[in-house]
Amino acid sequence: QVQLVESGGGLVQAGGSLRLSCAASGRTFSSYGMGWFRQAPGKERQFVAAISRISGTYYTDSVKGRFTISRDNAKNTVSLQMDNLKPEDTAVYYCAADVSGSAYYTRPDEYEYWGQGTQVTVSS
């Protein structure tokens with residue numbers, strides 16, 4: 001069983017930055033694909049970013065150039081550096097782990113484990 005715990009959310013002004021972190025249990029973390037998703041009020045869960053087992057990265061168009069995903073396998077963590085935040089980034093952000101070897105990182109159904117989420121609020 002994989003446990004995921006997000007941290008780093010909060011309230012920030014437009015143009016500011018936040019760094020989210022996700023800590024994962026298990027000694028096989030390096031074999032997981034990891035993703036970040038978000039869900040805003042009244043909206044469906046949306047893909048944000050993903051990083052593969054070999055550190056290939058993927059981003060939704062709206063965050064390219066502003067967000068950076070990274071992983072530290074020695075610490076069993078994945079991070080999302082969010083710069084130049086906009087009000088439309090406001091959402092609950094979820095960390096997810098793919099332990100089954102999926103190649104489709106943008107699909108929520110490919111991830112088996114999810115964190116509880118952390119709130120990111122960007123004020124205008």
Side-chain angles (χ1 to χ4, degrees):
Q1 193 85 311
V2 177
Q3 303 289 326
L4 303 174
V5 181
E6 301 98 335
S7 62
L11 175 65
V12 67
Q13 291 181 294
S17 297
L18 285 172
R19 185 176 180 87
L20 305 184
S21 182
C22 174
S25 65
R27 295 177 65 85
T28 58
F29 176 79
S30 62
S31 70
Y32 307 162
M34 300 295 297
W36 287 96
F37 292 77
R38 65 189 182 188
Q39 188 164 17
K43 301 293 181 65
E44 293 187 351
R45 184 172 48 186
Q46 178 187 51
F47 170 75
V48 178
I51 186 164
S52 74
R53 294 161 178 80
I54 58 172
S55 297
T57 57
Y58 311 86
Y59 300 92
T60 193
D61 286 345
S62 63
V63 309
K64 287 180 180 176
R66 299 189 297 122
F67 291 10
T68 303
I69 189 171
S70 61
R71 68 190 300 155
D72 186 340
N73 290 339
K75 297 181 178 179
N76 278 23
T77 58
V78 61
S79 297
L80 186 68
Q81 177 67 42
M82 305 185 294
D83 297 321
N84 192 24
L85 283 160
K86 303 176 179 180
E88 51 262 44
D89 295 318
T90 295
V92 176
Y93 283 69
Y94 297 93
C95 175
D98 167 27
V99 304
S100 63
S102 174
Y104 303 101
Y105 294 106
T106 65
R107 294 175 53 177
D109 59 315
E110 294 295 331
Y111 293 82
E112 292 78 32
Y113 297 96
W114 295 81
Q116 293 298 304
T118 185
Q119 177 70 49
V120 171
T121 302
V122 184
S123 65
S124 59

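Side chains are part of it too, since the values below use all heavy atoms of this structure and drop only hydrogens, waters and symmetry mates.
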Are [Y] and [X] linked, directly or through intermediate hydrophobic residues, by side-chain heavy-atom contacts shorter than 4.5 Å (ILVMFWY only)?
{"X": "Ile69", "Y": "Val99", "result": "yes"}
{"X": "Val78", "Y": "Val92", "result": "no"}
{"X": "Tyr59", "Y": "Leu20", "result": "yes"}
{"X": "Tyr94", "Y": "Met34", "result": "no"}

* Indicate the atoms forming the closest heavy-atom contact of Ala50 with Tyr111, along with that distance. => CB-OH, 3.7 Å
* Please report the shortest heavy-atom distance between Ala40 and Ala91, naming the atom on each side. =>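 Closest approach of Ala40 to Ala91, heavy atoms only: N-CB, 3.8 Å.
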[Y] and [X] side chains, donor-acceptor separation under 3.5 Å:
{"X": "Ser79", "Y": "Gln81", "value": "no"}
{"X": "Asp98", "Y": "Ser100", "value": "yes"}
{"X": "Gln39", "Y": "Arg45", "value": "no"}

Under 3.5 Å donor-acceptor, [X] side chain and [Y] backbone:
{"X": "Gln116", "Y": "Glu6", "result": "no"}
{"X": "Gln13", "Y": "Ser123", "result": "no"}
{"X": "Ser25", "Y": "Gln3", "result": "yes"}
{"X": "Asn76", "Y": "Ala24", "result": "yes"}

* **Option among Thr90, Thr121, Val122 that satisfies the side chain to side chain contact (heavy atoms under 4.5 Å, CB included) test with Val12** =>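 That would be Val122.
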* Asked: Any side-chain heavy atom of Trp36 sitting closer than 4.5 Å to one from Cys95?
  -> yes
* With a 4.5 Å heavy-atom cut-off, do Val2 and Tyr32 have their side chains touching? ->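 Heavy-atom side-chain distance check passes, below 4.5 Å.
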* To do: May I ask you to list the residues sharing a hydrophobic cluster with Ile54, side-chain cutoff 4.5 Å, ordered by chain and number?
  => none
* Name all residues meeting the ring pair (Phe, Tyr, Trp, His ring centres under 6.0 Å) criterion together with Phe47; count only those two or more places apart in sequence or in a different chain, and write none if there are none. => Phe37
* Structure fact -> Tyr105 meets the ring pair (Phe, Tyr, Trp, His ring centres under 6.0 Å) criterion, sequence neighbours left out, with Tyr58
* Tell me whether the guanidinium CZ or amine NZ of Arg71 lies under 6.0 angstrom from the six-membered ring centre of Phe29 and within 45° of its axis. => yes
Could you pull out all residues at least two apart from [X] that satisfy salt bridge (charged side-chain N to carboxylate O under 4.0 Å, His left out)?
{"X": "Arg66", "answer": "Asp89"}
{"X": "Lys64", "answer": "Asp61"}
{"X": "Arg107", "answer": "Asp109, Glu110"}

So, taking the atom named [atom1] in [X] and the one named [atom2] in [Y], what distance separates them when rounded to the nearest 0.5 Å?
{"X": "Thr28", "Y": "Asn73", "atom1": "OG1", "atom2": "CG", "value": "10.5 Å"}
{"X": "Phe67", "Y": "Ser62", "atom1": "CZ", "atom2": "OG", "value": "7.5 Å"}
{"X": "Leu80", "Y": "Thr118", "atom1": "CG", "atom2": "OG1", "value": "11.0 Å"}

* Asked: Does the side chain to side chain contact (heavy atoms under 4.5 Å, CB included) test come out yes or no for Met82 and Val48, once each step is laid out?
  -> CA-CA 11 Å; Met82 305 185 294; Val48 178; over 6 Å; no
